Protein chains: 2
Amino acid sequence: MPKPAERPYSQYTHDALALLGQLIREGRLAKSLTTTELATRAGISRALLQRIERGDPGCAIGAVFETAVICGVALFDSDERALAAKKARHAEKLALMPKAIRQSRTGVKDDF
Amino acid sequence: MPKPAERPYSQYTHDALALLGQLIREGRLAKSLTTTELATRAGISRALLQRIERGDPGCAIGAVFETAVICGVALFDSDERALAAKKARHAEKLALMPKAIRQSRTGVKDDF
DNA sequence: GTCTTTTGGCTCATAAACGAGCCATCGGCT
DNA sequence: AGCCGATGGCTCGTTTATGAGCCAAAAGAC
């Protein structure tokens, strides 16, 4: 068998993963860390780090974010210290939103 | 046994995951999608979607990114279409960097 | 108020990621 | 040139996430 069934990911997801992996690799090289060193610091195996740098979609997101942080890669918006605050603000926002989504039986929202 | 050993993640990683989960939830509510609907569109189970929105570090990053994209969440920098181009530019940059890191046997770079 | 649907949380079987270890190759020193 | 370390890629066994299904509670519609 050529492939034992793979999960379908959108092209954008693949691109984003590939870019993130490249950023991590750049960060690692910029800090002159070997793959073994970075893997050790991140608490993962060297094999997993290679998969992360390659942009493997199956990697645990915690491991990827951890290595990204060590390499100095800004996660989504380079706002590092404001992250906690931002989380709090969004929590407030969520509190104001409906807790459950009720389907209108006529149409489906498909505006994206 | 209380806990069968858990992977240690930095606080920043936890915060980032929690925020990303919140953003996804906001996006889902904004589009009036039920958890079941979004999970189906993302090709994942409802249980996994709940873990993603909760910020579980063990989720596959591909599933998380895919969900985020559907919800309209900008991954790291809201530059959506420029993503492919950015990936290319970083690839060029990498080509100019050393392929292997050689350890200076005296000290270790620890500037972060 | 009642009813309907969404949601959170749980168990369990299965599928998949992860870690360890290995080898071949490449890259930078000397 | 040779040497030594870093890297890529692979297999295999173990650990883990994932999906399916269920239940009780919460939330919105009526």
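Below, read A as the first sequence line, B as the second, and so on, with proteins coming before strands; counting in each chain starts at 1. This one's a predicted model, so the numbers in the text were calculated from it and none came from an experiment.
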**Student:** Tell me whether the OP1 or OP2 atom of D:dA6 has a side-chain N or O from A:R28 closer than 4.0 Å.
**Tutor:** no
**Student:** Using OP1 and OP2 only, check whether a side-chain N or O of B:T35 sits under 4.0 Å from C:dT7.
**Tutor:** yes
**Student:** Decide yes or no on salt bridge (Lys or Arg N to Asp or Glu O under 4.0 Å) for A:R41 and A:E66, but give the supporting numbers first.
**Tutor:** CA-CA 9 Å; A:R41 294 199 185 191; A:E66 191 74 18; over 6 Å; no
**Student:** Are any of A:R25's side-chain N or O atoms less than 4.0 Å away from OP1 or OP2 of D:dG8?
**Tutor:** yes
**Student:** Rounded to whole Å, please give me the gap between OH in B:Y9 and P in D:dT16.
**Tutor:** 11 Å
**Student:** Specify the separation, in whole Å, of atom CG of A:L38 and atom P of D:dA6.
**Tutor:** 14 Å
**Student:** Per the atom types in the model, does the base of D:dG8 pair as donor or acceptor with the side chain of A:R46 at under 3.5 Å?
**Tutor:** yes
**Student:** Could you give the CZ-to-P distance, from A:R102 to D:dA29, as a whole number of Å?
**Tutor:** 7 Å
**Student:** Do A:R46 side-chain atoms and A:T36 backbone N/O form a donor-acceptor pair below 3.5 Å?
**Tutor:** no
**Student:** Give the intermediate values and the outcome of salt bridge (Lys or Arg N to Asp or Glu O under 4.0 Å) for residues B:R28 and B:E53.
**Tutor:** CA-CA 10 Å; B:R28 178 177 64 83; B:E53 289 190 350; 2.8 Å; yes
**Student:** Identify every side-chain donor-acceptor pair in residues 68-75 of chain B under 3.5 Å, counting partners at least two apart or on other chains, and give the distances.
**Tutor:**
none

**Student:** Look only at the side chain of B:Q50 and the backbone of B:A47, and say whether a donor-acceptor pair between them is shorter than 3.5 Å.
**Tutor:** no
**Student:** Both B:A47 and B:T34 contact DNA chain C. Which one's nearest nucleotide lies toward the 5' end?
**Tutor:** B:T34
**Student:** Between B:I24 and A:Y9, is there shared hydrophobic-cluster membership here, with clusters defined by ILVMFWY side-chain heavy atoms closer than 4.5 Å?
**Tutor:** no
**Student:** Residues of residues 48-60 of chain B with any non-hydrogen atom less than 4.0 angstrom from an atom of DNA chain D: list those, numerically ordered, please.
**Tutor:** B:L48, B:R51, B:G58, B:C59, B:A60
